[in-house]
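Hydrogens, waters and symmetry mates play no part in the numbers below; they use all other heavy atoms, side chains included. Computed from a prediction, not measured in an experiment: that's the story for all the values here.
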Amino acid sequence: MGFKLNKSNISINIQPVAKPRMTRSDRWKKRPVVLKYWQFKDALKEKAEQKNWNLSKDITIYFSIAMPKSWSKKKKKQMNRQPHQQKPDIDNLIKSVLDSLAEDDSYVYSVKAVKSWSEKGNVWIINN
């Protein structure tokens with residue numbers, strides 16, 4: 001990614017998690033996918049609060065998705081920084097970030113998002 005971390009950017013070294021479709025029963029069932037989402041949401045919110053960082057109305061988000069451990073070294077080298085073109089869907093990843101960082105995200109009018117393969121999971125958010 002050709003940018004430096006500064007006050008308008010935030011980065012968190014965590015595997016991006018898409019917002020799951022939730023039902024009323026998730027309040028007591030505690031499905032693993034929902035628990036994983038809440039952990040991601042809490043971690044992102046905590047990092048933003050630590051940095052005194054707020055989401056702007058025009059943002060760019062880079063999602064780095066960790067490659068599976070089962071892949072060979074050759075395949076990992078080949079796929080590093082290549083476009084990630086499978087699930088999780090980018091719209092659900094964006095939704096998880098917006099819901100984590102804003103109670104009401106209706107003021108956000110522009111979002112550019114990219115998801116790619118990486119050695120480790122990471123989310124970079126840039127206020128444009």
Side-chain angles (χ1 to χ4, degrees):
M1 314 285 150
F3 60 89
K4 295 184 178 183
L5 196 58
N6 60 41
K7 287 188 178 187
S8 68
N9 306 339
I10 191 168
S11 172
I12 182 166
N13 295 321
I14 190 171
Q15 178 70 6
V17 176
K19 180 165 177 143
R21 182 162 299 190
M22 290 192 257
T23 64
R24 286 185 188 172
S25 65
D26 285 325
R27 292 181 191 176
W28 66 85
K29 273 191 180 176
K30 310 293 184 205
R31 290 184 302 148
V33 69
V34 175
L35 294 175
K36 194 173 173 182
Y37 166 71
W38 285 110
Q39 289 172 340
F40 171 78
K41 188 174 174 178
D42 291 343
L44 197 55
K45 190 185 299 186
E46 181 180 332
K47 178 77 168 193
E49 287 172 0
Q50 285 174 355
K51 300 278 185 184
N52 198 24
W53 187 89
N54 292 308
L55 193 64
S56 77
K57 53 192 170 188
D58 178 17
I59 60 173
T60 302
I61 309 171
Y62 292 95
F63 297 102
S64 296
I65 311 291
M67 293 179 265
K69 292 178 182 176
S70 61
W71 283 6
S72 67
K73 287 182 182 179
K74 181 180 177 183
K75 185 170 184 177
K76 286 181 180 180
K77 186 175 181 181
Q78 184 181 21
M79 295 302 291
N80 195 31
R81 296 189 180 187
Q82 293 300 309
H84 182 280
Q85 297 175 301
Q86 60 192 57
K87 291 189 182 231
D89 297 343
I90 199 162
D91 58 327
N92 294 326
L93 290 169
I94 293 167
K95 185 73 174 148
S96 70
V97 168
L98 294 178
D99 287 352
S100 298
L101 299 174
E103 291 240 352
D104 177 16
D105 56 22
S106 62
Y107 68 91
V108 177
Y109 70 87
S110 176
V111 177
K112 179 184 179 202
V114 176
K115 64 177 182 162
S116 60
W117 290 109
S118 180
E119 292 290 327
K120 295 180 181 177
N122 195 344
V123 179
W124 291 81
I125 308 166
I126 304 166
N127 283 335
N128 297 324

Got a second to check how far [X]'s [atom1] is from [Y]'s [atom2], nearest 0.5 Å?
{"X": "W71", "Y": "W117", "atom1": "CH2", "atom2": "CH2", "result": "4.0 Å"}
{"X": "I14", "Y": "L44", "atom1": "CD1", "atom2": "CG", "result": "7.5 Å"}
{"X": "K73", "Y": "K76", "atom1": "NZ", "atom2": "NZ", "result": "9.0 Å"}
{"X": "S116", "Y": "Q85", "atom1": "OG", "atom2": "CD", "result": "11.0 Å"}
{"X": "S72", "Y": "K77", "atom1": "OG", "atom2": "NZ", "result": "11.5 Å"}
{"X": "W124", "Y": "I10", "atom1": "CH2", "atom2": "CD1", "result": "10.5 Å"}

Grab the two heavy atoms, one from [X] and one from [Y], that are nearest each other, plus how far apart they are.
{"X": "L35", "Y": "K30", "answer": "CD1-O, 3.6 Å"}
{"X": "S11", "Y": "N122", "answer": "OG-OD1, 3.2 Å"}
{"X": "P16", "Y": "F63", "answer": "CB-CD2, 3.8 Å"}
{"X": "K120", "Y": "A66", "answer": "C-CB, 4.0 Å"}
{"X": "I12", "Y": "A43", "answer": "CD1-O, 3.4 Å"}

Inset, instruction - State, without any angle test, whether N128 and S110 hold a side-chain donor-acceptor pair at a distance under 3.5 Å. - result: no
Legend entry - Short side-chain donor-acceptor distance under 3.5 Å, S56 and D58: no
Is [Y] close to [X] at the side-chain level, that is, under 4.5 Å between some pair of heavy atoms?
{"X": "I59", "Y": "K112", "result": "no"}
{"X": "N9", "Y": "I125", "result": "no"}
{"X": "I61", "Y": "V114", "result": "no"}

Please tabulate, for the side chains in residues 91-103, all donor-acceptor contacts under 3.5 angstrom to protein atoms that are two or more places apart in sequence or on a different chain.
from, atom 1, to, atom 2, distance (Å)
K95, NZ, D99, OD1, 3.4
S96, OG, V17, O, 2.8
S96, OG, L93, O, 2.7
D99, OD2, K19, NZ, 3.0
S100, OG, S96, O, 2.6

Legend entry - In one Ile/Leu/Val/Met/Phe/Trp/Tyr side-chain cluster, 4.5 Å: F40, W38: yes
Legend entry - Single-linkage hydrophobic cluster I126~Y109, side-chain heavy atoms < 4.5 angstrom: no
Quick check: does any side chain N or O of [X] sit under 3.5 Å from a backbone N or O of [Y], one acting as donor and the other as acceptor?
{"X": "E119", "Y": "M67", "result": "no"}
{"X": "K115", "Y": "P88", "result": "yes"}
{"X": "S118", "Y": "G121", "result": "no"}

